[in-house]
Q: 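Okay, handing you the structure first.
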Amino acid sequence: MYGSLPTFSSQQLAALDKVAKWLKSGTGDQQVFRLFGFAGTGKTTIARHLAAELNGPVVYAAYTGKAAHVMQQNGCEGATTIHQLIYSWERKRDGSFLGELNAESDAADAVLIVVDECSMVDEVVAKDLMSFGRPILVLGDPAQLAPVKGEGFFTDAKPDVMLTEVHRQAKNSPIQRLAMDVREGRSLIRGTYGTSRVVVLDDLDTEDILGADQVIVGRNDTRLSYNSVIRESLGFKSALPCIGDRLVCRQNDHRLQIYNGGLYRVIDLPEGKSPHGYMPLMLQSLDHAGSREVRVLINPDEFLHPGRAVEAKHYGRTQHFDFGYALTVHRAQGSQWSNVFIVDESEVFRASPQKWLYTAITRAIDRVTILV
DNA sequence: GGGTCCAG
């Protein structure tokens with residue numbers, strides 16, 4: 001198997017060594033091992049490599065469906081949401097769901113549980129996961145956004161290992177430097193940094209926005225207005241999804257294997273009647289090339305009246321999407337794109353503006369344009 | 001004052 005060994009840096013090798021030592025002898029005293037690192041430092045690669053050497057089942061999980069899906073893409077077999085892993089769900093009379101800890105969970109006899117994007121995990125879920133008494137390796141970036149309510153339970157304590165060398169972008173790339181500036185509290189200065197730019201409205205060209213692989217904003221209001229403006233520029237006339245439109249999924253559907261945060265292109269509007277005026281769409285995933293098409297059913301009302309509450313009986317029968325040209329940083333967390341356009345709304349997030357902007361910038365691999 | 005997540 002040596003042929004398939006990834007090339008590790010000395011920092012990564014030291015991390016591997018520490019985690020391996022913990023696994024070998026330390027998990028009785030210390031249930032949780034915190035392997036932290038800035039975005040793109042190779043945390044999952046290390047975890048997967050260690051898992052391959054273990055005798056016994058390793059389970060992979062993340063808080064969000066999207067993060068679990070990204071784990072799968074990175075070779076973490078069977079990665080799932082923590083909710084799917086440890087709870088069993090019962091439907092109550094009013095249509096809501098009651099989750100109970102599932103004693104039969106695969107977590108109960110795992111030799112190791114690996115949790116990615118752990119900055120999003122809150123205290124309740126973290127403690128439920130720990131109640132199985134199995135060793136947990138948590139991966140995360142303490143500089144990224146915490147859950148909306150409360151603190152990140154795992155990122156609230158000191159890391160056991162902190163990876164600092166970024167491999168996602170080229171070393172000392174402009175993106176890395178901009179991200180570091182923000183992380184360390186310096187403010188961004190208007191100008192050009194390689195192919196990346198920090199701009200004000202006057203510097204802006206439509207192509208900066210339309211040419212980006214993803215637009216990232218802070219507020220939902222901004223997201224909706226960017227979505228409309230971009231759709232208008234692209235020539236879409238209808239308020240409903242059209243062939244060629246870019247959509248983001250808003251709720252996991254494990255049966256259809258679509259996940260919240262997943263991006264899709266509308267490739268067909270199949271003819272045919274659906275009950276209640278539901279609208280069938282044929283979609284192609286934009287997150288990985290060559291994936292199969294998926295047929296979903298949407299409720300047009302969710303597009304015609306965004307923000308209006310949807311009746312429960314309708315909700316369960318359809319899938320839930322929104323236009324995906326612009327995303328909030330909160331929903332873009334865990335994803336990455338080559339060329340990202342950011343509308344800097346960090347000042348709105350008063351508790352942690354630098355975490356907001358850092359998370360936004362580190363979504364970009366090759367190029368970022370930041371409108372300040 | 002602003003952002004989200006999970007469950008069939």
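Proteins get letters first, then strands, A, B, ... in listed order; numbering begins at 1 in each. Predicted, not measured: the structure shown is a model, and the values here were computed from it.
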Q: Could you give the OH-to-P distance, from A:Tyr63 to B:dC5, as a whole number of Å?
A: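 A:Tyr63 atom OH is separated from B:dC5 atom P by 9 Å.
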Q: Is A:His330 close enough to B:dG2 that one of its side-chain N or O atoms is under 4.0 Å from OP1 or OP2 there?
A: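 Answer is no, no contact under 4.0 Å.
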Q: Before you tell me yes or no, could you show the steps for A:Asp366 and A:Ser338 under side-chain hydrogen bond (donor to acceptor under 3.5 Å, both in side chains), namely the whole-Å CA-CA distance, both residues' side-chain angles and the distance that decides it to 0.1 Å?
A: CA-CA 5 Å; A:Asp366 302 307; A:Ser338 169; 2.7 Å; yes
Q: Side chain of A:His83 only, heavy atoms from C-beta on: which candidate in B:dC6, B:dC5, B:dG3 is closest?
A: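 Comparing B:dC6, B:dC5, B:dG3 against the side chain of A:His83, the answer is B:dC6.
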Q: If you assign each of A:Met120 and A:Ser352 to its closest nucleotide in DNA chain B, which residue comes earlier from the 5' end?
A: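 So the residue in question is A:Ser352.
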Q: Roughly how many Å is it from CD in A:Glu345 to C1' in B:dG2, rounded to a whole number?
A: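 In whole Å, B:dG2 C1' lies 10 Å from A:Glu345 CD.
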Q: Is the distance from OP1 or OP2 of B:dA7 to the nearest side-chain N or O of A:Thr81 less than 4.0 Å?
A: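 For B:dA7, OP1/OP2 do have a side-chain N/O of A:Thr81 under 4.0 Å.
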Q: Is A:Thr328 near enough to B:dT4 that one of its side-chain N or O atoms lies under 4.0 angstrom from OP1 or OP2?
A: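 Yes, A:Thr328 has a side-chain N/O under 4.0 Å of OP1/OP2 on B:dT4.
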Q: Starting from the 5' end of DNA chain B, give me the residue, A:Gly218 or A:His320, whose nearest nucleotide shows up first.
A: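 Mapping each residue to its closest nucleotide by heavy atoms, the 5'-most match is A:Gly218.
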Q: What is the distance, rounded to the nearest whole Å, between atom CZ of A:Arg250 and atom C1' of B:dC6?
A: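 Going from CZ in A:Arg250 over to C1' in B:dC6 covers 14 Å.
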Q: A:Asn260 has a side chain; which of B:dC5, B:dT4, B:dG2 sits nearest to it?
A: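 Side chain of A:Asn260 sits closest to B:dC5.
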Q: Figure out the CG/P separation between A:Asp122 and B:dC6, and round it to whole Å.
A: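 Result: 12 Å.
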Q: Categorize A:Asp253 for me: base, sugar-phosphate, or nothing, with a 4.0 angstrom heavy-atom threshold over every strand shown.
A: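 Nothing, no heavy atom under 4.0 Å.
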Q: Specify the separation, in whole Å, of atom CG of A:Asp128 and atom C1' of B:dC5.
A: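 Atom CG in A:Asp128 sits about 15 Å away from atom C1' in B:dC5.
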Q: With the side chain of A:Arg350 defined as its heavy atoms from C-beta on, choose the nearest nucleotide among B:dG1, B:dC5, B:dG2.
A: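 Looking only at heavy atoms from C-beta outward on A:Arg350, the closest nucleotide is B:dG1.
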Q: Can you figure out which of B:dT4, B:dC5, B:dA7 approaches the side chain of A:Trp89 most closely?
A: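 For A:Trp89, the side-chain atoms sit closest to B:dA7.
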Q: Identify the residue among A:His320, A:His69, A:His254 that makes a ring-ring contact (aromatic ring centres under 6.0 Å, His included) with A:Tyr259.
A: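 Option passing the ring-ring contact (aromatic ring centres under 6.0 Å, His included) with A:Tyr259: A:His69.
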Q: CG of A:Leu327 versus P of B:dC5: gap in Å, rounded?
A: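 Spelled out: CG on A:Leu327 to P on B:dC5 is 10 Å.
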Q: Under a 4.0 Å N-O cut-off, is there an ion pair linking A:Arg134 with A:Asp109?
A: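 Answer for the salt bridge query: no.
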Q: Would you call A:Asp203 and A:Arg190 a salt bridge, taking side-chain N to carboxylate O under 4.0 Å as the test?
A: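 Yes, this pair counts.
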Q: Ion pair present between A:Asp287 and A:Lys66, side-chain N to carboxylate O less than 4.0 angstrom?
A: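 Salt bridge flag = yes for A:Lys66 with A:Asp287.
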Q: Considering only side-chain heavy atoms of A:Gln251, which listed nucleotide, B:dG3, B:dC6, B:dA7, is closest?
A: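 Selected nucleotide: B:dA7.
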Q: Would you kindly give the CG-to-P distance between A:Leu85 and B:dA7, to the nearest whole Å?
A: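 That distance rounds to 11 Å.
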Q: Decide, yes or no, whether a salt bridge links A:Asp245 with A:Arg231 under the criterion of side-chain N to carboxylate O below 4.0 Å.
A: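 A salt bridge links A:Asp245 with A:Arg231.
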Q: Whole angstrom is fine here: how far is it from CD1 in A:Ile216 over to P in B:dG3?
A: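 Value for this atom pair: 15 Å.
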Q: For the side chain of A:Asn252, counting heavy atoms from C-beta on, which of B:dT4, B:dG2, B:dA7 is nearest?
A: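 Nearest nucleotide to the side chain: B:dA7.
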Q: If only side-chain N and O atoms of A:Arg223 are considered, is one of them under 4.0 Å from the OP1 or OP2 phosphate oxygen of B:dG3?
A: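 Answer no for this pair, as no side-chain N or O of A:Arg223 is under 4.0 Å from OP1 or OP2.
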